[in-house]
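Presented below is the structure to which this report refers.
We use all heavy atoms of the structure for the numbers below, so side chains are in, but hydrogens, waters and symmetry mates are not. Remember, it's 1-based here, ligands and their atoms both numbered in the order they're listed.
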Amino acid sequence: MIKVTVIQTGTVQIKSAQVTGKPGRSALGRKIDIFKDPVWLPPLPITAFLIEHPEGLFLIDTGDTAQNSTPGYLPRWHPFFRYEVSVNVAPDEEIGVQLDRLGIDSKKDLKAVVLTHMHHDHAGGLHHFPHNRIMVPRENWRFADGFKGKLAACLPQRWPVWLKPELFDVKGPAVGPFTSSFPLTSDKRVFLVPTPGHIPGHVSVIVRGDDMTYLIAADATYKEDNIRNELVDGITADPALSLRTLQALKKFASSQPTIVLPSHDPDGATRLMNRRTFL
Ligand SMILES: [Zn+2]
């Protein structure tokens with residue numbers, strides 16, 4: 001039996017212009033629009049995903065850490081962290097506590113912790129997994145682990161000192177509209193696909209369940225409707241590339257019954273519970 005569970009690790013408040021950018025706007029223009037936007041959205045979930053598969057449990061992303069809710073902890077030199085985002089994670093909302101509550105012993109029970117990308121709200125819970133196999137897309141790791149990463153809302157200076165992830169390249173066969181893939185399980189029912197744009201090297205996860213497919217889009221989009229309407233987010237490093245990614249996600253989700261699960265979509269958990277597919 002294959003099962004996908006949403007685990008919410010607190011919330012994040014961002015602006016409307018971050019979730020949806022203006023079509024045709026450049027990467028820089030979109031960021032200026034975020035700073036000018038007076039509209040703060042209601043708090044959005046910060047989500048990690050647990051995949052149960054006969055080969056074991058896979059945790060996709062680790063959410064954020066309560067420390068990032070502490071005023072002054074996020075780097076104040078960075079205008080985005082200073083003005084454009086508000087993280088709200090209580091200590092007992094962190095991923096380690098939540099897995100405990102589900103009766104999961106991370107050290108023994110998790111086959112791997114897989115990061116879709118190294119943004120603070122996906123890598124923030126890594127300190128809970130010092131004994132686990134941690135997998136990160138090589139392209140994203142190389143980008144995140146340096147000054148460019150710091151500018152792009154990654155926090156390499158906060159990563160656990162022991163962190164030495166297993167880096168992988170998404171170089172397996174094409175799947176539908178995706179140019180390549182990387183299998184997580186030997187039966188290839190759980191695999192990663194490249195969904196760049198939001199940040200270089202970003203990946204999404206596809207899970208072929210028994211009666212439908214799950215598409216863990218992560219941050220390739222902030223909400224399902226933006227895939228449907230092909231609307232690129234405001235934070236993208238490359239709007240044209242993000243648009244191609246959205247079009248691939250749309251084509252895939254339209255080709256078979258698929259539940260689409262972005263990391264910050266307020267309706268994602270409900271869609272999963274009600275088994276509501278993209279079409
Ligand atoms: Zn992100």
Side-chain angles (χ1 to χ4, degrees), residues 6-21 27 30-31 34 41 43-49 59-65 68-69 74-75 78-81 84-89 95 113-126 134-146 148-159 165 170 192-205 215-224 226-227 231-239 241-243 245-246 249 260-266 268:
V6 166
I7 302 175
Q8 187 180 332
T9 67
T11 59
V12 62
Q13 255 194 296
I14 53 176
K15 296 204 182 147
S16 172
Q18 182 172 340
V19 169
T20 312
R30 284 163 194 263
K31 290 182 185 83
I34 295 174
L41 294 171
L44 301 176
I46 302 172
T47 308
F49 301 89
L59 180 70
I60 308 299
D61 290 336
T62 65
D64 213 331
T65 161
N68 286 342
S69 304
L74 284 169
H78 196 302
F80 177 76
F81 284 131
E84 303 301 326
V85 67
S86 171
V87 174
N88 200 337
V89 183
I95 187 72
V113 177
V114 183
L115 277 291
T116 60
H117 63 302
M118 295 300 288
H119 269 156
H120 64 96
D121 50 333
H122 298 254
L126 277 172
I134 294 172
M135 300 171 66
V136 179
R138 187 188 315 274
E139 189 187 349
N140 185 254
W141 174 265
R142 286 199 173 144
F143 176 84
D145 187 19
K148 274 188 187 166
K150 286 185 182 174
L151 282 181
C154 300
L155 297 171
Q157 66 274 41
R158 305 281 197 210
W159 294 343
V170 186
L192 308 171
V193 291
T195 47
H198 174 75
I199 188 170
H202 183 281
V203 299
S204 298
V205 188
L215 172 53
I216 299 173
D219 282 1
T221 187
Y222 285 102
K223 56 180 186 177
E224 187 191 50
N226 281 1
I227 297 179
L231 289 171
V232 171
D233 69 33
I235 209 90
T236 177
D238 185 338
L241 184 59
S242 281
L243 180 59
T245 285
L246 288 181
L249 291 169
V260 177
L261 298 167
S263 296
H264 306 289
D265 187 334

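Taking the six-membered ring for Trp and thresholds of 30 and 60 degrees, H119 and H117 have ring planes more than 60 degrees apart, a perpendicular arrangement.
The nearest N, O or S atom of D219 is closer to the Zn ion (ligand 1) than 2.8 Å. For the Zn ion (ligand 1), the set of nearby N, O or S atoms under 2.8 Å includes one belonging to H119. Using a cut-off of 2.8 Å, one finds that H198 contributes an N/O/S atom close to the Zn ion (ligand 1).
Nearest approach of L246 to A220, heavy atoms of both residues: CD2-O, 3.7 Å.
There is a side-chain donor-acceptor pair under 3.5 Å between D233 and H198.
Around the CZ atom of R142, the shell of radius 6.0 Å holds no more than 12 heavy atoms that belong to other residues, nucleotides or ligands.
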